[in-house]
Amino acid sequence: MERMGERQGACLLDVGPILGANIVFFARRIPRLFVCDLFRHLHEALGGKRPPDTAWRHLEYPLKQFDGIVLWDFLDHLEKEGALRLIRHIRRWIKPKGMLVVFSRDPDRSLEPFFAFEVQKEFRLHPRPIPRLSLPLYPRQNRAVMALLPGFSSIKSFIYRNGVREYLFRFEKTEPDMS
């Protein structure tokens, strides 16, 4: 957040469930904020027996639009191939040296019901139950999460007491994505 807040006109994409507290938190620190609830779109796609890709196909952001993207635990709700297809889109949207924050659930711990993360003071995350969402869960080990992110380098990671893992990646690949 510090690096992005220092950039003139920094642009952030938050793809998590829309929470007012998160919008306020990011909007106070980042000049340009885009929000899209991919969780709701995925829920609607799967409920309508459509491929998971339809959850993000409608997003038409310009190439290299974002200095940072917050992915929350969205990859945990996609099978490997769907997650890789989403990452291909993210690679198009994020600027070179842009930051990607990914949250992931511990494969050995259950966090029910479905929840979202609410950012509170001092960057603390609070799980907040989200009713009426039914999504599959594909939690991955650390190496499996990192394998989904070609072109990104791991900067740091953190494990919360409840088992949620937070990763910070930087997009290193600068040549066009041919995938």
Side-chain angles (χ1 to χ4, degrees), residues 1-46 52 55-56 58-62 65-78 83 86-87 89-91 93-95 98-106 109-140 145 148-149 152 154-171:
M1 292 302 302
E2 290 173 11
R3 287 184 206 157
M4 287 192 60
E6 294 170 356
R7 286 186 173 181
Q8 183 84 16
C11 189
L12 177 73
L13 173 62
D14 177 353
V15 299
I18 296 174
L19 299 175
N22 292 354
I23 292 171
V24 169
F25 178 85
F26 291 127
R28 286 184 177 158
R29 291 163 174 83
I30 305 296
R32 295 175 44 215
L33 174 65
F34 290 73
V35 179
C36 179
D37 186 348
L38 285 186
F39 289 87
R40 182 179 54 83
H41 289 289
L42 180 61
H43 174 78
E44 291 169 1
L46 297 177
W56 58 83
H58 69 285
L59 300 177
E60 297 181 11
Y61 298 118
Q65 169 82 20
F66 299 104
D67 297 282
I69 297 176
V70 181
L71 197 51
W72 300 106
D73 62 329
F74 192 73
L75 294 176
D76 288 346
H77 301 288
L78 297 172
L86 174 61
I87 295 303
H89 283 278
I90 287 174
R91 289 167 48 125
W93 299 333
I94 198 164
K95 293 177 181 178
M99 307 304 277
L100 174 66
V101 177
V102 175
F103 290 86
S104 184
R105 297 173 185 230
D106 184 327
R109 294 188 189 183
S110 173
L111 294 172
E112 295 294 332
F114 181 81
F115 70 94
F117 299 102
E118 183 177 77
V119 184
Q120 297 180 343
K121 291 180 183 178
E122 300 175 5
F123 297 91
R124 294 183 189 267
L125 297 180
H126 176 71
R128 184 171 154 199
I130 302 291
R132 298 181 301 280
L133 276 186
S134 176
L135 297 173
L137 193 57
Y138 306 99
R140 296 172 173 87
V145 171
L148 295 173
L149 297 157
F152 288 87
S154 176
I155 303 299
K156 64 180 175 178
S157 61
F158 181 80
I159 300 174
Y160 292 88
R161 277 185 257 162
N162 65 1
V164 172
R165 295 166 291 158
E166 176 183 353
Y167 305 88
L168 177 62
F169 296 95
R170 181 175 44 231
F171 185 53

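FYI, the numbering just counts along the sequence from 1.
In this structure, the side chains of Leu149 and Ile87 come closer than 4.5 Å at one or more pairs of heavy atoms. Between Cys11 and Ile30 there is no side-chain heavy-atom pair separated by less than 4.5 Å. By the 4.5 Å heavy-atom criterion applied to side chains, Trp72 and Val102 are not counted as neighbours. Here the side chains of Leu78 and Leu86 are in contact, with some heavy-atom distance below 4.5 Å.
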task = Using the side-chain contact (heavy atoms from CB on, under 4.5 Å) rule, take Leu12 and Phe34 through it: C-alpha gap first, then chi angles, then the decisive distance, then the call.
result = CA-CA 6 Å; Leu12 177 73; Phe34 290 73; over 6 Å; no
key: Steps toward side-chain contact (heavy atoms from CB on, under 4.5 Å) verdict (Phe171, Arg91)   = CA-CA 8 Å; Phe171 185 53; Arg91 289 167 48 125; 3.9 Å; yes
task = Apply side-chain contact (heavy atoms from CB on, under 4.5 Å) to Ile90 and Phe152, showing your working.
result = CA-CA 11 Å; Ile90 287 174; Phe152 288 87; 4.1 Å; yes
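Minimum heavy-atom separation, Tyr138 to His77: CD1-C, 3.8 Å. Closest approach of Ile23 to Val35, counting heavy atoms only: CG1-CG2, 4.1 Å. The two atoms that bring Leu75 and Arg140 nearest to each other are O-NH1, 2.7 Å, heavy atoms only. Scanning both residues, Leu38 and Ala55, for their nearest heavy atoms gives CD2-O, 3.3 Å. The shortest heavy-atom contact between Ser104 and Val145 is OG-CG2, 3.7 Å. Considering all non-hydrogen atoms of both residues, Asp67 and Gly9 come closest at OD2-O, 4.2 Å.
Between Phe66 and Tyr61, the two ring planes are perpendicular [angle over 60°; tilted spans 30° to 60°].
The CG atom of Leu13 lies 9.0 Å from the CG atom of Leu71; values are rounded to the nearest 0.5 Å. Distance CD/Glu118 to CG/Asn22: 6.5 Å, rounded to 0.5 Å. Rounded to the nearest 0.5 Å, atoms CG (Leu100) and CH2 (Trp93) are 11.5 Å apart. To the nearest 0.5 Å, the span separating OG on Ser154 from CG on Leu168 amounts to 8.0 Å. The structure places CZ of Arg170 at 3.5 Å from CD1 of Ile155, a figure rounded to the nearest 0.5 Å. Interatomic distance, Leu135 CG to Phe39 CZ, rounded to the nearest 0.5 Å: 7.5 Å.
Residues passing the side chain to side chain contact (heavy atoms under 4.5 Å, CB included) test with Ser157, sequence neighbours excluded: Tyr167.
Seen from the ring of Phe103, Arg105 does not count as a face-on cation partner, given the 6.0 Å and 45° thresholds.
Annotation: salt bridge (Lys or Arg N to Asp or Glu O under 4.0 Å) contacts involving residues 31-41, sequence neighbours excluded, comprise Arg40-Glu44.
Remark: the backbone N or O of Leu137 is not paired with any side-chain donor or acceptor of Asp76 at under 3.5 angstrom.
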